[in-house]
Amino acid sequence: MAECYIRVAEDENEEPMEIPSEDDGTVLLSTVAAQFPGACGLRYRNPASQCMRGVRLVEGVLHAPDADWGSMVYVVNYPKGNATLHPAVDNKRKMDEMDAASAVKIKRGIQKTSDLIVLGLPWKTSEQDLKDYFSTFGEVIMVQVKRDAKTGNSKGFGFVRFTDYETQSKVMSQRHMIDGRWCDCKLPNSKAGPDEPMRSRKVFVGRCTEDLSADDLRQFFMQYGEVTDVFIPKPFRAFAFVTFADEQVAQSLCGEDLIIKGTSVHISNAEPKHSNIHHLFSNFPGRSPSLAAMFERAQYQYPSSHV
DNA sequence: GTTGAGCGTT
């Protein structure tokens, strides 16, 4: 299969647009999203069954249903919670703002799992060992062994994340004999005390690894809604900012641990908790409001912690 | 090459 154009439309009855494939015949979701902002996938009507079928999507890459894409029209999928954001959607089914936020959460599961810290690991225990052990409880979607960056030695603790909340509960309820030592699995302190987030369209993405590119982040986060900006500080600082078109989408993600290319990242609000901006300008009476406001806008784009 | 309560390179 070689490079071609596939026909894509927002609706089966709409005028389709031709979108280019890659050299290997796949189509990038980002290519679709370039023409249909906020798109999260494609579907098509199966000629045999007359049912709609989803197009396979792996890591931002759409795969042709058969040997090639053929001449049929593919229909753009939008995130459910984000549906009202798109002008093509009729106003009759318009949800109010609260519904839009909760729809995202419901779609993603009411019983959210979170990373568990695994304390007391033997120095020799590897990530494979952890995965083998915890897989006996249920499906594992992430394991980490924290190591010294220089020596590569284990620090004796790690993290695990399960698909199902029941598995997580079971694992937390008991001690674990791993490679000859008793270990405990707990909710990490880092996610204790979730504070009231500021309302913002921008989220802070913590615990990024260096192999996560801006494009990786964009590809990943666009499943939740239209991404308008991705910022990764250079040199590497282990965090990033992602801005969504809609505040509801951003807020619905705050406080969550998400797994991108095997890396568990933490989402929180982009706004610093204790802004000292107004203190900085408080010595300039009269002018301070506008100066502070100007600085705040600049700060918002390029937080001081980046330089 | 060591260690054994903790907390993931904001």
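What you see is a predicted model; the values in this text were computed from it and never measured. We name chains A, B, ... by the order of the sequence lines, and we start the count at 1 in each one.
- Counting to the nearest Å, the P atom of B:dC7 and the CD1 atom of A:Ile117 are 8 Å from each other.
- Among residues two or more places apart in sequence or in another chain, the side chain to side chain contact (heavy atoms under 4.5 Å, CB included) test is passed with A:Thr136 by none.
- Of the residues in residues 121-131 of chain A, those placing a heavy atom less than 4.0 Å from an atom of DNA chain B are A:Leu121, A:Pro122, A:Trp123, in numerical order.
- In the interface, the side chain of A:Asn189 is not paired with the base of B:dG8 through any donor and acceptor atom under 3.5 Å apart.
- If you measure from atom CD1 of A:Ile267 to atom P of B:dG8, you get 17 Å, rounded to the nearest angstrom.
- At whole-Å resolution of the value, CG in A:Leu119 and P in B:dT3 are 19 Å apart.
- Of the charged side-chain nitrogens involved, none lies within less than 4.0 Å of a carboxylate oxygen, so that A:Asp246 and A:Arg201 do not count as a salt-bridged pair.
- By the side chain to side chain contact (heavy atoms under 4.5 Å, CB included) test, A:Lys150 is found to be paired with A:Asp148, residues two or more places apart in sequence or in another chain being considered.
- A heavy atom lying under 4.0 Å from DNA chain B marks the following residues of residues 148-156 of chain A, by number: A:Lys155, A:Gly156.
- For the segment residues 134-146 of chain A, the set of residues with a heavy atom within less than 4.0 Å of an atom of DNA chain B comprises A:Gln144, A:Lys146, in numerical order.
- Each of A:Arg181 and A:Arg207 has a nearest nucleotide on DNA chain B; the 5'-most of these lies closest to A:Arg181.
- Scanning for side chain to side chain contact (heavy atoms under 4.5 Å, CB included) contacts around A:Arg218 gives A:Val227, A:Val230, with sequence neighbours left out.
- At whole-Å resolution of the value, CZ in A:Arg161 and P in B:dC7 are 21 Å apart.
- A salt bridge between A:Asp257 and A:Arg207 is present, with a side-chain N of the basic residue lying under 4.0 Å from a carboxylate O of the acidic one.
- Rounded to whole Å, the distance from CZ on A:Arg147 to C1' on B:dT3 is 16 Å.
- Through chains of ILVMFWY side-chain contacts below 4.5 Å, A:Leu28 is grouped with A:Val61.
- Once the 5.5 Å centre distance and the 30° plane angle are applied, the aromatic ring of A:Phe157 is found not to be stacked with the base of B:dC7.
- Residues satisfying the salt bridge (charged side-chain N to carboxylate O under 4.0 Å, His left out) test with A:Asp216, not counting sequence neighbours, are A:Lys261.
- The distance between atom NZ of A:Lys234 and atom C1' of B:dT9, rounded to the nearest whole Å, is 18 Å.
- For A:Phe137, the ring-ring contact (aromatic ring centres under 6.0 Å, His included) partners two or more places apart in sequence, or in a different chain, are A:Tyr133, A:His176.
- In this structure, the CH2 atom of A:Trp182 is 19 Å from the C1' atom of B:dA5, given to the nearest Å.
- Partners of A:Leu116 under the side chain to side chain contact (heavy atoms under 4.5 Å, CB included) rule, at least two apart in sequence or in another chain, are A:Val160, A:Phe162, A:Gln168, A:Val171, A:Met172, A:Cys185, A:Leu187.
- Hydrophobic cluster membership for A:Met52: A:Val75 (Ile, Leu, Val, Met, Phe, Trp, Tyr linked by side-chain heavy atoms under 4.5 Å, directly or transitively).
- In this structure, A:Phe236 shares a hydrophobic cluster with no other residue, the cluster being traced through Ile, Leu, Val, Met, Phe, Trp and Tyr side chains under 4.5 angstrom apart.
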